[in-house]
Protein chains: 2
Amino acid sequence: MGKAKTETGVENDRQSVRALERGLEVLRSFKPGDRFLGNQEIAARTGLPKPTISRLTHTLTRLGYLSYSEKFGKYHLDSAVLALGYSYLVNMDVRRVARPLMQELAEYAQASVALGVQDRLNMLYIEAYRSSATVTLTLDVGSQIPIATTSMGRALLCALPEAESNSILEQVQLRNEADWPRIKTGIEQARKDFDERGFCLSLGDWKRDVHAVAAPLVPSDGSRVLVFSCVGAAFQLRRHMLEDDIGPRLLNLITNVKETLDRQHS
Amino acid sequence: MGKAKTETGVENDRQSVRALERGLEVLRSFKPGDRFLGNQEIAARTGLPKPTISRLTHTLTRLGYLSYSEKFGKYHLDSAVLALGYSYLVNMDVRRVARPLMQELAEYAQASVALGVQDRLNMLYIEAYRSSATVTLTLDVGSQIPIATTSMGRALLCALPEAESNSILEQVQLRNEADWPRIKTGIEQARKDFDERGFCLSLGDWKRDVHAVAAPLVPSDGSRVLVFSCVGAAFQLRRHMLEDDIGPRLLNLITNVKETLDRQHS
DNA sequence: TGCTGTTGTTTCGTTCTGCGGAACTAATGT
DNA sequence: ACATTAGTTCCGCAGAACGAAACAACAGCA
């Protein structure tokens, strides 16, 4: 019924509010790592014309999502965005349930245990624990890691309906034509692991010295897939340990969490 | 120069994008604590008409800021908001600098040490540490506490230019006509403490059994005021300890952090 | 001191987006 | 069958958002 306004593949819904989309795109253009952005840079990243950016940044600043630094003449994210993020976190009751079990496993494995969900083409940590003696990379709540090369991302792909995982993979391919063959191989291997054992591995595919195992939790209530992972230094978490010991324990953890959740919600 | 369009006190800037404002208001209407909201409830909270809400929720859902639960027929916040919040946090380098000192003080005082900034009429934690043996209330990064009755909020008021703190207090008064006299007394006392000693107290004014001391850090580069606080059980953190020992140590911590920051930025 | 490049803001006429009352649909209850 | 309540769709209208172009502010440089 709706006549496609433009022939872009991305339908611009009659039902979508463009100004809101654009404003959020402005916020999104602040990737973790770049402190300050000027209107110019934002315009470059978003492809929006200058006056539009000017209006959007004004609005966002007035509302406390951005603030303006006189010194640099640029904007940076402000507290209001954090307030939103937190409102999201406190309502994820899977965190409360999983926390002690994750902590326990982290200590047992002397590694990090994390819980993540999909966000666009990344996995986003919503909970993380390090063993008391872990020196590994510091990944905390809010951290993002790629989907295709991490165990967490691969476990997600295995748990998602085929249509969705394919759609993700297409986009990944577009963005990584060069590495695609290697990426694809890794994912096929992960599928095999998943079918045989119920979890996926990544042995140095993301960062050379990092080994990890991950498995999904598909909530009974139809909400979004959750993924648990255990991550550590390659020399510490050897393949056989992940496959024979940590992996199974991770599955066990997931079963427990899932049962607890199901029991709680009638 | 700008000609006021309407005579509302809140000027509706020629420079502001209404649709964006409204969309963000929809997100904001999810306070920490309410998991699911239907269009109806959102409409009630924001005062916007139904079709408008419908369009905004659609848009926000498409972008990953909300997601829709078939089961409940309602929306809840989704991962995209957390991704934003994290991008904000990682860029606050005051956190990196302050973290070890906060931890140290927390252990010394056997209490919690927090770092917060203003967000609307709340203080928002951007870093928090508990001593290993603390049983106190669980306040974590992202938590929000009121301005007028907490030591952290009062310290903010003392550090802000008078115009700003007055503007905040006006709004607080409007929202709490009943308690206003008591609130006002507390703040006046805090001002006196601040002038004499450099820090503010709250001895049970926010929660009966909670004592706290706080002091501001006003960055040299003109960015927003930061507040450090030390919080604990009333029976443990007695007034004299806060005034004679913890308070001064907190000021010392702040001096150190500030010097480190100033040294780093040219 | 003027010149040139860069960045952000204002202007202003146009257009299309966002609007919201009203009608419609769907689900739930009695 | 008949209210009741929640959400979506319609559709004509108004004005909000738009963006090209002009303008302003600033820095570097000769």
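Here is how names work: the chains are called A, B, and so on, in the same order as the sequence lines, proteins then strands, and each is numbered from 1.
Between A:Glu41 and B:Ala19, it is A:Glu41 whose nearest contact on DNA chain C lies nearer the 5' terminus.
One atom, CZ of A:Phe72, and another, P of C:dT7, lie 17 Å apart when rounded to the nearest Å. One interatomic measurement links the two molecules: CG of A:Leu37 to C1' of C:dG8, which rounds to 15 Å at whole-angstrom precision. At whole-Å resolution of the value, NZ in A:Lys74 and C1' in C:dT6 are 11 Å apart. If you take CD of B:Glu21 and C1' of D:dA16, they are 12 Å apart, rounded to a whole angstrom. Between the CD atom of A:Gln40 and the P atom of C:dT9 there is a distance of 11 Å, rounded to whole Å. Atom pair B:Asn39:CG and D:dT9:P shows a separation of 11 Å (rounding to whole Å applied). Rounded to a whole Å, the CZ atom of A:Arg55 is 13 Å from the C1' atom of C:dG8. Between the CG atom of B:Leu20 and the C1' atom of D:dA17 there is a distance of 12 Å, given to the nearest Å.
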Please enumerate all protein N or O atoms sitting under 3.5 Å from an N or O of nucleotides 24-30 of chain C, with distances to 0.1 Å.
none

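Here the side chains of B:Pro146 and B:Met123 are not in contact, with every heavy-atom distance at 4.5 Å or above. No side-chain heavy atom of B:Leu217 sits under 4.5 Å from any side-chain heavy atom of B:Val227.
Pairs engaging residues 29-56 of chain B under the ring-ring contact (aromatic ring centres under 6.0 Å, His included) rule: B:Phe36-B:Phe72, B:Phe36-B:His76 [sequence neighbours left out].
Shown here are the side-chain hydrogen bond (donor to acceptor under 3.5 Å, both in side chains) partners of A:Arg95, two or more places apart in sequence or in another chain: A:Glu127. For the side chain to side chain contact (heavy atoms under 4.5 Å, CB included) test, residues two or more places apart in sequence or in another chain that qualify with B:Asn166 are B:Glu162. Checked against ring pair (Phe, Tyr, Trp, His ring centres under 6.0 Å), B:Tyr75 has the following partners two or more places apart in sequence or in another chain: B:Tyr68. Residues passing the side-chain hydrogen bond (donor to acceptor under 3.5 Å, both in side chains) test with B:Ser54, sequence neighbours excluded: none. Applying the side-chain hydrogen bond (donor to acceptor under 3.5 Å, both in side chains) test to B:Arg45 and every residue at least two apart in sequence or in another chain returns B:Asp34. A:Arg28 pairs by the salt bridge (charged side-chain N to carboxylate O under 4.0 Å, His left out) definition with A:Asp119, not counting sequence neighbours. Qualifying salt bridge (charged side-chain N to carboxylate O under 4.0 Å, His left out) partners for B:Glu41, counting only residues two or more places apart in sequence or in other chains: B:Lys74. Taking the side-chain hydrogen bond (donor to acceptor under 3.5 Å, both in side chains) definition, one finds that A:Asp140 meets it with nothing, sequence neighbours left out.
Donor-acceptor pairing under 3.5 Å, judged by distance alone, is absent between the side chain of B:Arg22 and the base of C:dG18.
Overall bending of the helix from C:dT1-D:dA30 to C:dT30-D:dA1, expressed as the angle between end axes built from five pairs apiece, is 40° (10° steps).
A heavy atom closer than 4.0 Å to some atom of DNA chain D occurs in B:Lys50, B:Pro51, B:Ser54, these being the qualifying members of residues 45-54 of chain B.
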